[in-house]
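Report on the structure given below.
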Amino acid sequence: MTHAHITAWVVALLLFFVTVSLQRGNSPKARMMQMILRLFYLIIIGTGALLLHSIASIPPLYIVKVLVGVWVIGAMEMILVRASKGKSTNMFWLQFVIAFIIVVYLGLKLPLGFYLS
Ligand code: HEM
């Protein structure tokens with residue numbers, strides 16, 4: 001499940017950047033890519049939920065991991081929606097970068113799956 005979770009967010013990250021560049025080029029394909037990206041949000045949440053399901057009692061840091069994971073997804077969605085409306089996205093890019101770093105750090109720090117050290 002760890003592999004599925006990592007695959008899901010890596011694919012989502014790629015789709016996100018592809019969608020951003022399609023949007024900048026005013027491509028009509030941007031909306032379709034955004035729909036596929038939303039499907040991947042659900043896969044990230046689903047695989048994350050299954051990872052949670054594999055532990056008996058959930059330590060508080062896992063709750064933080066889940067919330068920050070949802071925050072990353074929220075930031076990606078806000079960037080795309082606001083950009084499509086021509087609104088500024090700077091604050092959400094900042095949130096995206098911060099939340100992404102925190103969530104990867106927490107994901108690797110928490111005991112399931114891979115270890116860095
Ligand atoms: C874009 C958003 C997300 C990113 C970049 C991300 C990243 C990661 C990473 C790097 C890991 C570590 C995998 C490993 O141990 O090798 C992980 C594990 C995990 N993630 Fe996520 N995640 C995201 C969203 C979510 C969401 C939304 C949930 C909950 C619904 C979630 C729940 C979990 C759980 C429970 C683990 C296992 C933690 C452990 O290793 O003990 N993640 N995630």
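Fair warning: this is a prediction, and the values are worked out from it, not measured in the lab. Atoms within each ligand, like the ligands themselves, are counted from 1 in listed order.
For the salt bridge (charged side-chain N to carboxylate O under 4.0 Å, His left out) test, residues two or more places apart in sequence or in another chain that qualify with Arg38 are Glu77.
Of all atoms in ligand 1, listed by their number and element, those nearer than 4.0 Å to a heavy atom of Leu52 are 35 (C). Near Val72, with a cut-off below 4.0 Å to any heavy atom, the atoms of ligand 1 are 1 (C). For ligand 1, the atoms lying closer than 4.0 Å to a non-hydrogen atom of Phe100 are 5 (C). Taking every heavy atom of Ile44 and a limit of under 4.0 angstrom, the matching atoms of ligand 1 come to 23 (C), 24 (C), 25 (C).
At a 3.5 angstrom cut-off on N or O pairs, Lys65 counts as close to ligand 1. The shortest N or O to N or O distance between Thr2 and ligand 1 is not under 3.5 Å. By the 3.5 Å distance cut-off applied to N or O atoms, Leu110 is counted among the residues near ligand 1.
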What pairs of donor and acceptor atoms, side-chain ones from residues 7-17 against any protein atom, are under 3.5 angstrom apart with sequence neighbours left out?
{"residue": "Thr7", "atom": "OG1", "partner": "His3", "partner atom": "O", "Å": "2.6"}

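Residues Leu80 and Gln23 approach most closely at O-NE2, 2.9 Å, considering heavy atoms.
Taking OH from Tyr62 and OG from Ser57, the interatomic distance works out to 10.0 Å, rounded to the nearest 0.5 Å.
Heavy-atom proximity to atom 28 (C) of ligand 1, evaluated over Ala75, Gly48, Ala12, Pro59, is greatest for Gly48.
Cluster membership check: Val81 does not share its hydrophobic cluster with Trp71, using side-chain heavy-atom separations under 4.5 Å among Ile, Leu, Val, Met, Phe, Trp and Tyr. Clustering ILVMFWY residues whenever any of their side-chain heavy atoms sit less than 4.5 angstrom apart, transitively, puts Leu42 in a cluster other than the one holding Met33.
Using a 4.5 Å heavy-atom threshold, the side chains of Met78 and Phe96 count as separate.
Atom 21 (Fe) of ligand 1 is closest to atom NE2 of His5 (considering only N, O or S atoms).
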